[in-house]
Amino acid sequence: MYFNGIYHEFYQYNLNGPIFGDIVWGHSVSTDLVNWIGLEPALVRDTPSDIDGCWTGSVTILPGGKPIIIYTGGDIDQHQAQNIAFPKNRSDPYLREWIKAPNNPVLRPDEPGMNSIEFRDPTTGWIGPDGLWRMAVGGELNGYSAALLYKSEDFLNWTKVDHPLYSHNGSNMWECPDFFAVLPGNNAGLDLSAAIPQGAKHALKMSVDSVDKYMIGVYDLQRDAFVPDNVVDDRRLWLRIDYGTFYASKSFFDSNKNRRIIWGWSRETDSPSDDLEKGWAGLHTIPRTIWLAGDGKQLLQWPVEEIESLRTNEISHQGIELNKGDLFEIKEVDAFQADVEIDFELASIDDADPFDPSWLLDPEKHCGEAGASVPGGIGPFGLVILASDNMDEHTEVYFRVYKSQEKYMVLMCSDLRRSSLRPDLEKPAYGGFFEFDLEKERKISLRTLVS
């Protein structure tokens, strides 16, 4: 959240070591989203309703500038419930100390058809059509995935609405749901607790199948429900926030710069023994501004502008002609810390291989089968990064262009399979397909932050 000139990030944290367990709420603060100060944990597991862990939740800023945390706690039997906490001293700019509500837990999964161990991760609150607060909680309802909907007058006492915000007949629970408004083609953020302008859409994001997926639709005020623009039964075809290792993301409205910012957790591919040796595990991705494309069909993202304050020693190359098999080395840059922007202009798009729609079901598999060493009609072309001198170890970030019936599909891959010679490490290939209007402009732009 952004509050009184300070950005706050709360996150899952184990004080006792770089392994899973003993989860509390870590707390860091920043004035620029780049440089962070780590503080004492905001929440620790010290009450019956959170003794098994202080799990995911959200912060909502109530009228009068009153931040309030609502979070999932687990009891000794691992049953999950929602709890509330307030800042002890709002005049403290860092909000170091938080006090738990005496009536915790404020919400239990005691309705018929609910699963007591699949009820977690409440969203930021918003104002509903009747002027009451709303929030969604990830859960399982009669065996189906759901963003359960609750309402409250005071944010302290909650009642379950008789229908979910949205549900799906899949059996995998939606973790870390997020719900926010967006305007097509406008990169300004919208505050859900304020009036939503005409023409706005809503995004419903969920973490499932180890990735973050989302739908674009409308918030039907009469039905008090989310209605997706396109209903896709096979969740493998749902839109994804990120096609790499990115999970449990969370967005917030940044009133400082009138934007919506999202970031998430990125899991490394090194081993548990490596984590113990270095003393930490898990990365938080660089914050990104997120908005809706002009056609209203997909979310767009870009690293927050503050990241550019880290840039020094610019290296620029123009007009490099690359033929099949060519490798152009950029020698003047530190290969272990670089912010790269590159435009690839295609001489021709006539040789694009035909696109097989079945590839959409598992683009990572296709990246693994059609690696950067396998020639295609157009591509692969891209970057080789984090490379050893003899190229035994390197990571490939590359594109391929395919022609479907009416459009061009571009496959982007990040292939880690040769990133290390160590046989004990997981080395996946990530990837996704994107629709491009290459008839209009034969250019594909890439920005990659190498670290």
S152 and D154 side chains, donor-acceptor separation under 3.5 Å: yes
Residue E277 excluded, over 12 heavy atoms near CD under 6.0 Å: no
Geometric class of the H27/H8 ring pair [parallel <30°, tilted 30-60°, perpendicular >60°]: parallel
For the student: nearest non-hydrogen atoms of I286 and P303, plus distance: CG2-CB, 4.3 Å
Side chain proximity check, Q82 to V137, heavy atoms < 4.5 angstrom: yes
Test of ring centre spacing under 6.0 Å for H202 and F226: no
Greater than 12 external heavy atoms within 6.0 Å of E153's CD: no
Quiz item: cation-pi between R267 and F20, 6.0 Å / 45°: no
Test item: side-chain donor near acceptor, W133 and Y150, under 3.5 Å: no
Greater than 12 external heavy atoms within 6.0 Å of E314's CD: no
Residue pair S445 / D343, side-chain donor-acceptor N/O under 3.5 Å: yes
Carboxylate-amine/guanidinium proximity below 4.0 Å for K151 and D224: no
Exercise: identify the closest heavy-atom pair between D46 and I51: CA-CD1, 4.4 Å
Within 6.0 Å of CG in N313, more than 12 heavy atoms from elsewhere: no
K160 atom NZ, neighbour heavy-atom count above 12 within 6.0 Å: yes
Pair R235-N172, side-chain donor/acceptor within less than 3.5 Å: yes
W174 versus E140, side-chain donor and acceptor atoms under 3.5 Å: no
Exercise: do D50 and Y71 side chains pair donor with acceptor under 3.5 Å: yes
Closest approach of A429 to R417 (non-hydrogen atoms, all atoms of both residues): CB-NE, 4.3 Å
Side-chain H-bond candidate by donor/acceptor type, N390 with D392, under 3.5 Å: yes
Presence of salt bridge, D415 and R418, under 4.0 angstrom: no
Minimal non-hydrogen separation, C176 against D121, with atom names: N-OD2, 2.8 Å
Passing candidate, side-chain hydrogen bond (donor to acceptor under 3.5 Å, both in side chains) with S49, options N104, T72, N83: N83
Residue pair D92, K88: steps toward the salt bridge (charged side-chain N to carboxylate O under 4.0 Å, His left out) verdict: CA-CA 9 Å; D92 173 11; K88 183 178 181 179; over 6 Å; no
More than 12 heavy atoms of other groups within 6.0 Å of K66 NZ: no
Donor + acceptor pair across side chains of S58, K250 (<3.5 Å): yes
Side-chain touch L192/F253, heavy atoms, less than 4.5 angstrom: no
Side chain to side chain contact (heavy atoms under 4.5 Å, CB included) partner of I69, chosen from L95, I84, L43: L43
R108/D110 salt bridge by N-O under 4.0 Å criterion: no
Shortest non-hydrogen separation from C54 to R45 and the atoms involved: SG-N, 3.7 Å
Centroid-centroid under 6.0 Å between Y2 and Y7 rings: yes
Within-4.5 Å side-chain heavy-atom neighbours: P41 and W25: no
Flag, side chain of Q80 to backbone of F119, donor-acceptor distance under 3.5 Å: yes
Residue pair K205 / S207, side-chain donor-acceptor N/O under 3.5 Å: yes
Distance-only polar pair, side chains of S414 and Y243, donor-acceptor under 3.5 Å: no
Between Y214 and D178: side-chain donor-acceptor atoms closer than 3.5 Å: no
Ion pair E306/R259, N-O distance below 4.0 Å: yes
NZ/K297: more than 12 non-hydrogen atoms of other groups inside 6.0 Å: no
Least distance between heavy atoms, Y398 atom then C367 atom: OH-O, 3.3 Å
Candidate list V211, L299, D212, test side chain to side chain contact (heavy atoms under 4.5 Å, CB included), partner R240, passing option: V211
Polar contact flag, side-chain donor to acceptor under 3.5 angstrom, E396-H394: yes
Student check: side-chain heavy atoms of L156 and F86 closer than 4.5 Å: yes
Heavy-atom side-chain proximity of F252 to W263 below 4.5 angstrom: yes
Pairs satisfying side chain to side chain donor-acceptor pair (under 3.5 Å), at least one member in residues 33-42, at least two apart: D32-N35
